[in-house]
Amino acid sequence: MTFQTGHIGLNVSDLDASKDFYLKVFGFEVFGESGEADRRYAFLGLDGKLLLTLWQQSEGRFATGTPGLHHLSFQVADIEAVRRAETVIRELGATLHHDGVVAHREGSSSGGIFFEDPDGIRLEISSPTGADASPAPTADAPTCGFF
């Protein structure tokens, strides 16, 4: 038996704001949505594949001090795609950690950006290569424990 992640469902506080954010940052398409007041959701994906479902059924901010999701990571083909996403994230005024692209660790070619969505859900976009010239986070701010 083998497993791979299917789509991911996230609770959000404002479906319209979150949908706009994910469409702009990731270039997702909307596959379907419900505007019913008590059951708002949006199915998002790329190339016909469902990747993310946003459910408007929460309040407040993402709680980092309780068990659950640490961060959600998306891998892209190259560091140029990471930098394009970084530009959009900066334009949107989203929280960006480490001030931009960082290597996953000292001497690593892999790396990316670490940021938050409108609800404070922690996200990463990374590439397996191309971050060689980027700094690595310090011991007190490693990427895998970036918050």
Counting N and O atoms only, with roles assigned by atom type, does the side chain of [X] sit under 3.5 Å from a partner on the main chain of [Y], one being a donor and the other an acceptor?
X	Y	result
Thr95	Glu116	no
Arg122	His70	yes
Asp119	Val12	no

Enter the distance from [X]:[atom1] to [Y]:[atom2] here, rounded to the nearest 0.5 Å.
X	Y	atom1	atom2	answer
Asp14	Phe21	CG	CZ	13.0 Å
Arg40	Gln57	CZ	CD	12.5 Å
Leu54	Asn11	CG	CG	10.0 Å
Thr64	Ile121	OG1	CD1	12.0 Å
Phe74	Glu124	CZ	CD	10.5 Å
Arg83	Ser134	CZ	OG	5.0 Å

Fill in: Contact list for residues 68-79, test salt bridge (charged side-chain N to carboxylate O under 4.0 Å, His left out), sequence neighbours left out
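Listed once each, the pairs would be none.
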Looking only at heavy atoms, which two atoms of [X] and [Y] are closest? And how far apart?
X	Y	value
Phe31	Leu46	CZ-N, 3.7 Å
Ala131	Ala103	O-CB, 3.9 Å
Asp117	Arg61	O-NH1, 4.4 Å
Val102	His98	CG1-CB, 3.5 Å
Leu51	Phe28	CD1-CE2, 3.6 Å
Val101	Pro135	O-CD, 4.0 Å

Fill in: Pairwise side-chain contact, Val30 with Leu44, heavy-atom cut-off 4.5 Å (strictly under)
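Yes - at least one pair of side-chain heavy atoms lies under 4.5 Å apart.
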Worksheet entry | Test log, rule side-chain contact (heavy atoms from CB on, under 4.5 Å), inputs Ser73 and Ser126 | CA-CA 8 Å; Ser73 177; Ser126 65; 4.3 Å; yes
Worksheet item: Are Trp55 and Leu72 connected, step by step, through hydrophobic side chains (Ile, Leu, Val, Met, Phe, Trp, Tyr) whose heavy atoms are closer than 4.5 Å?
Response: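 Each belongs to a different hydrophobic cluster.
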Discussion item. Please tell me whether Ile8 and Leu50 are part of a single hydrophobic cluster in this structure, the criterion being side-chain heavy atoms less than 4.5 Å apart.
Written reply: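 Result: no, two separate clusters.
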Item to complete: Indicate the ring-plane relationship of Phe26 and Tyr22, choosing parallel, tilted or perpendicular according to the 30° and 60° boundaries.
Response: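 The arrangement is parallel - the two ring planes meet at less than 30°.
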Fill in: Listed partners of Ile89 passing side-chain contact (heavy atoms from CB on, under 4.5 Å), at least two apart
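Result, side-chain contact (heavy atoms from CB on, under 4.5 Å) vs Ile89: Val25, Ala94, Leu96, Ile113, Phe115.
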Worksheet item: Do the charged groups of Glu86 and Arg90 touch, with an N to O distance under 4.0 Å?
Response: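 Salt bridge between Glu86 and Arg90, a charged N being under 4.0 Å from a carboxylate O: yes.
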Worksheet item: Do NZ/NE/NH1/NH2 and the carboxylate oxygens of Lys19 and Glu33 come within less than 4.0 Å?
Response: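 Yes.
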